[in-house]
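Each chain gets a letter, A, B and so on, in the order its sequence line appears, and its residues count up from 1.
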Amino acid sequence: MRRGGQHARATRGASRPPPLDDSPALQAIWHVVCTIPRGRAATYGAVARAAGFPGRARQAGYALRVAPAALKLPWHRVVGAGGRIVFARSSRAHQEQARRLRSEGVRVTEGRLERGALTDLT
DNA sequence: TCGATGACCTCTA
DNA sequence: ATAGAGGCCATCG
């Protein structure tokens, strides 16, 4: 992928945690997403943490965003803190995510998942 | 190089 | 419950 054709190799400072744009990092996140059991959901933060990137929830979202459709990830099982669907209520993605979750037996009301649907991946 | 922009989170008030 | 401030970091113009 590498959307803009930009190439970013370089400066892997040993001072900072490993960069996310490395394929292994993306795969680690994608893998974690695959481990979320059917009928449950995990937050972006939990996914990032489980993949070895605590505090980088935002990057978990990025990983999902750039994930090849061919991977067929259960992306709908990843939600915002507190079990909130992050997409705008009016958006197509929001409805699609709610639809998929409900089809797995998860109750979704007003963009919120029922308490208990969340798993911390620990 | 910089500033803005996100499928985000946590803490305070 | 809502709002703001900080923090995080890859991408893009």
*Begin with the C-alpha distance, continue with both residues' side-chain angles, and end with the deciding distance and a verdict on side-chain contact (heavy atoms from CB on, under 4.5 Å) for A/Val78 and A/Val86.*
CA-CA 9 Å; A/Val78 185; A/Val86 302; over 6 Å; no
_Using the rule given for side-chain contact (heavy atoms from CB on, under 4.5 Å), can you reason through A/Arg100 versus A/Trp75, listing the C-alpha separation, both sets of side-chain angles and the distance that settles it, and then say yes or no?_
CA-CA 10 Å; A/Arg100 289 194 181 202; A/Trp75 60 267; 3.4 Å; yes
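Atom CG in A/Leu118 sits roughly 14 Å away from atom C1' in B/dC8 (whole-Å rounding). Distance CZ (A/Arg65) to C1' (C/dC9): 15 Å, rounded to an integer number of Å. Taking atom CZ on A/Arg58 and atom P on B/dT5, their separation rounds to 11 Å, with Å as the unit. Atom CD1 of A/Ile29 is separated from atom P of C/dA10 by 11 Å (rounded to the nearest Å). Distance A/Arg84 CZ to B/dT10 P: 12 Å, rounded to the nearest Å. For the pair A/Arg92 CZ and B/dA7 P, the interatomic distance rounds to 16 Å; values are reported in whole Å. Distance CZ (A/Phe53) to C1' (C/dG7): 18 Å, rounded to an integer number of Å. The distance between atom CG of A/Leu64 and atom P of B/dG6, rounded to the nearest whole Å, is 17 Å.
Taking 4.0 angstrom as the limit, A/Arg56 places none of its side-chain polar atoms (N or O) nearer than this to OP1 or OP2 of C/dC8. For C/dT11, the OP1/OP2 oxygens have a side-chain nitrogen or oxygen of A/Tyr62 closer than 4.0 Å.
Considering only side-chain atoms of A/Arg112, the nucleotide from C/dA1, B/dA7, B/dC9 that sits closest is C/dA1.
When the C1' atom is compared between C/dA3 and B/dA7, the two are found 22 Å apart, to the nearest whole Å. Nucleotides B/dT1 and C/dC12, compared at atom C1', are 13 Å apart to the nearest Å.
Of the listed residues (A/Leu71, A/Ile29, A/Leu73), just one forms a side chain to side chain contact (heavy atoms under 4.5 Å, CB included) with A/Cys34, and that residue is A/Leu73. With A/Glu96 as the partner, the side chain to side chain donor-acceptor pair (under 3.5 Å) test is satisfied by one option alone out of A/Arg99, A/His94, A/Arg92: A/Arg99.
Residue-to-nucleotide contacts include a donor-acceptor pair under 3.5 Å from the side chain of A/Gln59 to the base of C/dC9.
Ion pairing between a basic and an acidic side chain is recognised when a charged N comes within 4.0 Å of a carboxylate O; A/Arg40 and A/Glu104 show no such pairing.
Residues A/Ile36 and A/Pro74 fail the side-chain proximity criterion, which asks for heavy atoms closer than 4.5 Å.
With rounding to the nearest 0.5 angstrom, the CZ atom of A/Arg77 is 6.5 Å from the CZ atom of A/Arg38.
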I'd like a list of close polar pairs between nucleotides 11-13 of chain B and the protein, N/O only, cut-off under 3.5 Å.
none

